[in-house]
Trainee: 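Provided herewith is a single structure, encoded as structure tokens, for subsequent inquiry.
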Amino acid sequence: MIIDESHEVYRFYSAHAEVAKSGIWDPQNHKYYYCDITQGSFHILDLIDMSREDYSVGLQIGAMALIEGGSGLVMAVRDGFGIWDFATKKFELVATPYGINSGWRMNDGNVDSKGRFWAGRLFDTDETKPGMIYRLELDGKTATPVIDGICCTNGVLWSPDNKRMYCGDSTHKKIYVWDYEEESGTPSNQRLFFDTANYFSGVPDGANIDSDGYLWVCFYDGNHLVRISPDAKVDRVYNMPVKRPTQPVWFGENLDELLVTSASKDVNTRMWPESGNILKLHAGVQGQLKNKYRLSSAPKPNPLPQYTIDLHIKGTVATLRSFL
């Protein structure tokens, strides 16, 4: 185990968030997205002029991902799954697998190599209740229950060859691993990967994975970012200038830097003044961009009867031309 003090960790952006998480770097559009869980908001940072757009969906957001094609964001929220449309700037709840106002809420999640969005539910007032991890299918409305028994889902990841799936349970301070069948999205043979209680204070929170298959795990209340090898050995430990780092995302021209979200909620910010900000460090190894959700196209409506088209064609030509 190496306590890595050679790579400086510094402030990338003063977010002043309560619980920032689910960072997404979009190099094509020079933007960085993150949510503030308890505020039910997400934020879009323009990396050219560092201006910020702020939006509220009215529900706690646990995780989010870009939709392939650029139409919006898929989100895991308090009552299930939803879609934010960039064009209309509106949020739509699309799947409620455990009902509305049930006491459950979605926590962390991620998108697999086939574009399916996974997220796990957490009981808001009792984190010892076993939850469920769901898979939002590509139709954007079917939430399939897949993994039960995880109380507080965090760090949903897949190995670079997509033969393994990982997920942490913050309640029990453990990280689990499954064999994974990529095509069908089926995990099997769950087993303990790493018992973090034996090594670190705090709990395993959001995580990411590098091109060598090493996990990068934030320790909430433990002020550490830890690199763990595929054979469950602690490779490297970063001391973070925040008590509650929440999640790293790969960044930079060579994908060898990390942007790390953090939380300020219930933290003594006199002792930890960087809490709630976005931090940056040079990792020295290469990661990968986050997968995008592959929302299938909405079905085309049945063609109108010919007589209806004939009745309205003259009145619509001018309008149509104005959009061509």
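As the structure is a prediction and not an experimental result, all values here were calculated from the model.
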Trainee: Is R227 paired with D210 through a side-chain N to carboxylate O contact shorter than 4.0 Å?
Mentor: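 Salt bridge between D210 and R227, a charged N being under 4.0 Å from a carboxylate O: yes.
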Trainee: Does R78 come within less than 4.0 Å of D124, counting only side-chain N to carboxylate O?
Mentor: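 Salt bridge absent between R78 and D124.
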Trainee: Is R191 salt-bridged to D179, cutoff N-O under 4.0 Å?
Mentor: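 Result for this pair is yes, salt bridge flagged.
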Trainee: Under a plain distance cut-off of 3.5 Å, with no hydrogens placed, do S211 and Q286 share a side-chain donor-acceptor pair?
Mentor: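 The answer is no; no qualifying pair exists.
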Trainee: Between W216 and Y238, does the ring centre distance come in under 6.0 Å?
Mentor: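 Here the rings of Y238 and W216 have centres that are less than 6.0 Å from each other.
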Trainee: Any donor-acceptor pair under 3.5 Å linking the side-chain atoms of R244 with those of N223?
Mentor: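 No, no side-chain donor-acceptor pair sits under 3.5 Å.
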Trainee: Between the side chains of E127 and K129, is the shortest nitrogen-to-carboxylate-oxygen separation below 4.0 Å, so that they form an ion pair?
Mentor: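 E127 and K129: not salt-bridged.
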Trainee: Taking it one step at a time, do I61 and I37 satisfy side-chain contact (heavy atoms from CB on, under 4.5 Å)?
Mentor: CA-CA 5 Å; I61 305 169; I37 294 176; 5.7 Å; no
Trainee: With distance as the sole criterion, is a donor-acceptor pair present between the side chains of D36 and H43 under 3.5 Å?
Mentor: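 Judged by distance alone, the side chains do not pair up.
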Trainee: Do the charged groups of K233 and D235 touch, with an N to O distance under 4.0 Å?
Mentor: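 Salt bridge between K233 and D235, a charged N being under 4.0 Å from a carboxylate O: no.
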Trainee: Using a strict threshold of under 4.0 Å (side-chain N to carboxylate O), is an ion pair present between D85 and K90?
Mentor: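 No.
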Trainee: When you compare the side chains of R11 and Y13, does any donor N or O come within less than 3.5 Å of an acceptor on the partner?
Mentor: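 No, because no side-chain N or O of R11 sits under 3.5 Å from a partner of the opposite role on Y13.
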Trainee: Going by atom types only, do Y55 and E53 share a side-chain donor-acceptor pair under 3.5 Å?
Mentor: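 There is such a pair (donor and acceptor under 3.5 Å, judged by atom type) between the side chains of Y55 and E53.
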Trainee: Does a side chain donor of either W118 or D112 reach within less than 3.5 Å of an acceptor in the other side chain?
Mentor: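 Yes, a side-chain donor-acceptor pair sits under 3.5 Å.
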Trainee: For the aromatic rings, using the six-membered ring if either is Trp, is the centroid distance between F117 and Y134 under 6.0 Å?
Mentor: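 No, too far apart.
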Trainee: Decide, yes or no, whether a salt bridge links E183 with K114 under the criterion of side-chain N to carboxylate O below 4.0 Å.
Mentor: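 Yes, E183 and K114 are salt-bridged.
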Trainee: Taking the six-membered ring for Trp and the full ring for Phe, Tyr or His, determine whether the centres of F251 and W25 are under 6.0 Å apart.
Mentor: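 Between W25 and F251, which both carry aromatic rings, the centre distance is below 6.0 Å.
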Trainee: Say whether L157 and V226 are linked into one hydrophobic cluster, either directly or through other cluster members, by side-chain heavy-atom distances under 4.5 angstrom.
Mentor: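 Yes; V226 is reachable from L157 via cluster members.
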Trainee: In terms of heavy-atom contacts, does CG of D148 have more than 12 from other residues, nucleotides or ligands at under 6.0 Å?
Mentor: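 Not buried by this count: 12 neighbours or fewer within 6.0 Å.
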Trainee: Could you check whether Q247 and T261, counting side-chain N and O atoms only, form a donor-acceptor pair closer than 3.5 Å?
Mentor: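 Distance-only check fails for T261 and Q247.
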